[in-house]
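The figures here come from the full heavy-atom set of this structure, side chains too, leaving out hydrogens, waters and symmetry mates. Chain identifiers are assigned alphabetically (A, B, ...) following the order of the sequence lines, protein sequences preceding nucleic acid strands; residue numbering begins at 1 within each chain.
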Number of protein chains: 2
Amino acid sequence: MVTIRDIAKEAGVSVSTASRALNDNPHVSQATRQRVQQLAEQMGYVPNLNAKNLTNGEANAVGVIFPTSDRVAQANPFYIDLLRGINLELVAHHAVLSIAIGSTPEMLLQNVRAMVQQSHIKKFIFLYSDVNDEVAQWLRDQDIPFVIVGHPIDHGDDLFVDNDNFEAGAAAARYLLTHYHVKHPVFVESNQGWEYEMNRREGFERVMAAYHIPVRIISITAETSNTETIHAIENNPAIDGVIATDDDRAMEFYRLWHLTQTETIPFISFNQTVAKQLVDNEFHSINLFPERMGEAAAQLLFQSDESTRARHRLIPFEIN
Amino acid sequence: MVTIRDIAKEAGVSVSTASRALNDNPHVSQATRQRVQQLAEQMGYVPNLNAKNLTNGEANAVGVIFPTSDRVAQANPFYIDLLRGINLELVAHHAVLSIAIGSTPEMLLQNVRAMVQQSHIKKFIFLYSDVNDEVAQWLRDQDIPFVIVGHPIDHGDDLFVDNDNFEAGAAAARYLLTHYHVKHPVFVESNQGWEYEMNRREGFERVMAAYHIPVRIISITAETSNTETIHAIENNPAIDGVIATDDDRAMEFYRLWHLTQTETIPFISFNQTVAKQLVDNEFHSINLFPERMGEAAAQLLFQSDESTRARHRLIPFEIN
DNA sequence: CTGTTAGCGCCTTCAA
DNA sequence: TTGAAGGCGCTAACAG
C-alpha cells in the first residue's frame, strides 16, 4: 500500500507538503502541488480514509435514517431511488452511505447514537419526518446537521428536500379538467394525516374552488372494506376522473371501479410505482423524481458556502 | 471525550491492559478485566471506532450491494426488510451498514472498489446474483469475503442465504390441491430466467407430475399485452387456481381474471408485498421472511469458527 | 499477567 | 512556501 510518505520521499518533499498538495491546500506552490499529485497518480496512491477519519475526528460517512417498519409500507420504490440519488452525490465527496434502520424508535435511536458516538458520523439524512421525533431531537441537541426528505413537521428551520405537493395536487386537478374535460373528479386518499397527502389535497381543493366544482373525497384506509369503497363509488355516479394520493390506492380504486362500472375514466397517481403498461392508457402518473431528491438532499448536507446556504430544495415534478 | 488512557490512568493500569480488558482478551486477569470494564462503564467510555479501524486495517462496516436499477423495480419492501435484518445483526457486532448502489455495473464496481480501497471495508453482502458479475469477480480476486442473498449462479462455492424455492413452489402446489381441491392450477411467471423463479416452477412441476396433472404455465413479461393474457385465460377455461411467481404478476393476473371471469379462484403468491386486506380471502401469500434472510446473511459473514463454518443457510417459508 | 514501546496513515500546529 | 514534530485513539509485539 502506497502511503503519503512514499510519495513525499519520491517527490523529494516532506510528508506535510505532500499532504497539503494532495488536499489542495492553498499554502503550496502550484508547481509542487502538480508534481506531487501527478506522482501520486502514477504510484497508484489511494488515501486511507480510516486514517483521515481519525485525524479529522469525523467519518467519511453520511447516515441515512429509515422510518420504523410500520410507516414504510407506502412510498416504497421511492426509497431505493432515493438511495441511488444520495449515493450519487456521496461518491463525489468520497463519502459512503451508512444506513440506520430498526423496527422500533428505541432501536433506531440506539443505532443513530452508536453511529455518532462510536463511528463519529456527523451528517444525516432522514427519510421521514414526524412530530416529536426523538431521533431528530437528539441530533439537534448534539448540534449535528441533518436534512429531511419530505417536509419538516414541527421544526420549521430544519433543512429539507421535498416536492411542491400543493402544486402537484393542483396540477393533477388541472390536468384532468383540461386534457380530459372531467367534470366530477374525486380525490382518493389514505386519510392518515400525512403532510404530503394533505398538501396534495389542498392543491386539488384550490383548483376545485376556482372551477366551482364541489370537492369529492374518498378515503381508503387499511380498515376500509371493499364493499365500503364500492358503496362510495355507487353513491357518486357522476365521478369521471380520479386523483389518487399514491399508487396503491390508485390500483385498489381502479380495481373496484372496474368491478362495478363499465366506463373507463382517467386516473392520476403519484410516484410511478406501478408499471404503466400494466394498466390502460388513461392511467397517468406524477413522477416525483426521487433520485433527484436524494441527490439534492446530499448536496444540501455538504454545502459549505455560508453565504449562499440554502435551507431547502423543492424538486419539480412531471405528469406523464 | 474519555479515551482508553483515561481509564487506564483511573484504574491504575497501562493502556495495553486497559485495551485487553475492554476487548475481552484472554490475557488479562478476571479481576482487572472486571474492574476496568466497570470503570469504563462509569466514566462513560465509548470506543472510537475510527481509531480502531486504523489500527485494525479494516473498517467496522459491511458493504451491502444493490442490483442496478432495472432489476429492483418490484420487490421493494423485500429489500427494506432485508436491510433491517442485516442491520439487526450488524449492531451486535458494532458494525455499520454501508450501501453500494448505482445505475450501471461500472458505477457499482467503482463504488465497491472505493469502499474497499479507500474505506477498507472488507465484508460484503450481495442483494442479487448474476452470471459473470464483474463486481463479485473483483471481490473474489481480492480475496474479500461476501455472502449472496439469493442463489449463486455461476460460482457454486460462494456463501449464500436463500429460501428453498423448489420446496416453496411444491408447497404452493400442494396447498392448492389439498386445501382447495384445485384440479387445474396454472403457474404464472415472468419468464426472465431468474433462478428463484425456475426453482419455484420446478417444484410446481414436480408436484404436478406426481398428481398426473398437465403443467400449465402463463408468462407475463413487460411486453405481454393485456389482451394476450386474457386470451391465455380464455384458452384455459379449466383453470381453477393460480400460483404466481411474485405479487405484481399475481395482482395483474387477478385483475385480468376478474375482468373476464365471474368465479373466484384461489391465488398463491410470494413475498407478501401486497397488503392482503386489499384483496379477497382466497389470496394467499408465501412469506419468505426477508428480515430473517438478512440476519442470516450477516451471521454467515461474521462466523469465525473455522470448524463449523457454514457455506449457506436456507430460510424456511410459510404459507398464510 | 502486565507494562513499555512503537507504530497505523494522516493532519496540523510551529518554526524556519 | 516548506519541514520537523507531535498527536488523533487504539493495538500489538516484545519484555518483564
Between [N] atom [atom2] and [X] atom [atom1], what is the distance in whole Å?
X	N	atom1	atom2	result
B:His27	C:dT4	NE2	C1'	18 Å
B:Asp6	D:dG7	CG	P	15 Å
A:Asn56	C:dG9	CG	C1'	12 Å
A:His94	C:dC10	NE2	P	14 Å
A:Arg5	C:dC10	CZ	P	9 Å
A:Leu54	D:dC10	CG	P	9 Å

Report the nucleotide, chosen from [options], that has the shortest atom-to-atom distance to any side-chain atom of [X].
X	options	answer
B:Lys52	C:dC11, D:dT11, C:dG3	D:dT11
B:Tyr45	C:dC11, D:dC10, D:dG3	D:dC10
A:Thr17	D:dG3, C:dG3, C:dG9	D:dG3
B:Pro47	D:dC10, D:dA5, D:dG9	D:dC10
B:Ser16	C:dC11, D:dT2, C:dT4	C:dT4
A:Val15	D:dT11, D:dG3, D:dA5	D:dA5
A:Arg20	D:dG9, C:dT2, D:dG3	D:dG3

B:Asn111 side chain to B:Met107 backbone, donor-acceptor under 3.5 Å: no

A:Lys122 side chain to A:Gly57 backbone, donor-acceptor under 3.5 Å: yes

Give a yes/no answer on whether the side chain of [X] brings an N or O atom under 4.0 Å of OP1 or OP2 in [N].
X	N	answer
B:Thr55	D:dT11	no
A:Thr32	D:dT2	yes
B:Asn50	D:dG9	no
A:Ser19	C:dC11	yes
A:Asn23	C:dC11	yes
A:Ser14	D:dA4	no

Closest-nucleotide ordering on DNA chain D, the 5'-leading residue of B:Leu49 and A:Ser29: A:Ser29

Pairwise 5' ranking along DNA chain D for A:Gly12 and B:Ile4, keeping only the more 5' one: A:Gly12

Polar contact flag, side-chain donor to acceptor under 3.5 angstrom, A:Gln137-A:Asp141: yes

Side-chain heavy atoms of A:Leu82 within contact of A:Val64, under 4.5 Å: no

Centroid-centroid distance, B:Tyr196 to B:His151, less than 6.0 Å: no

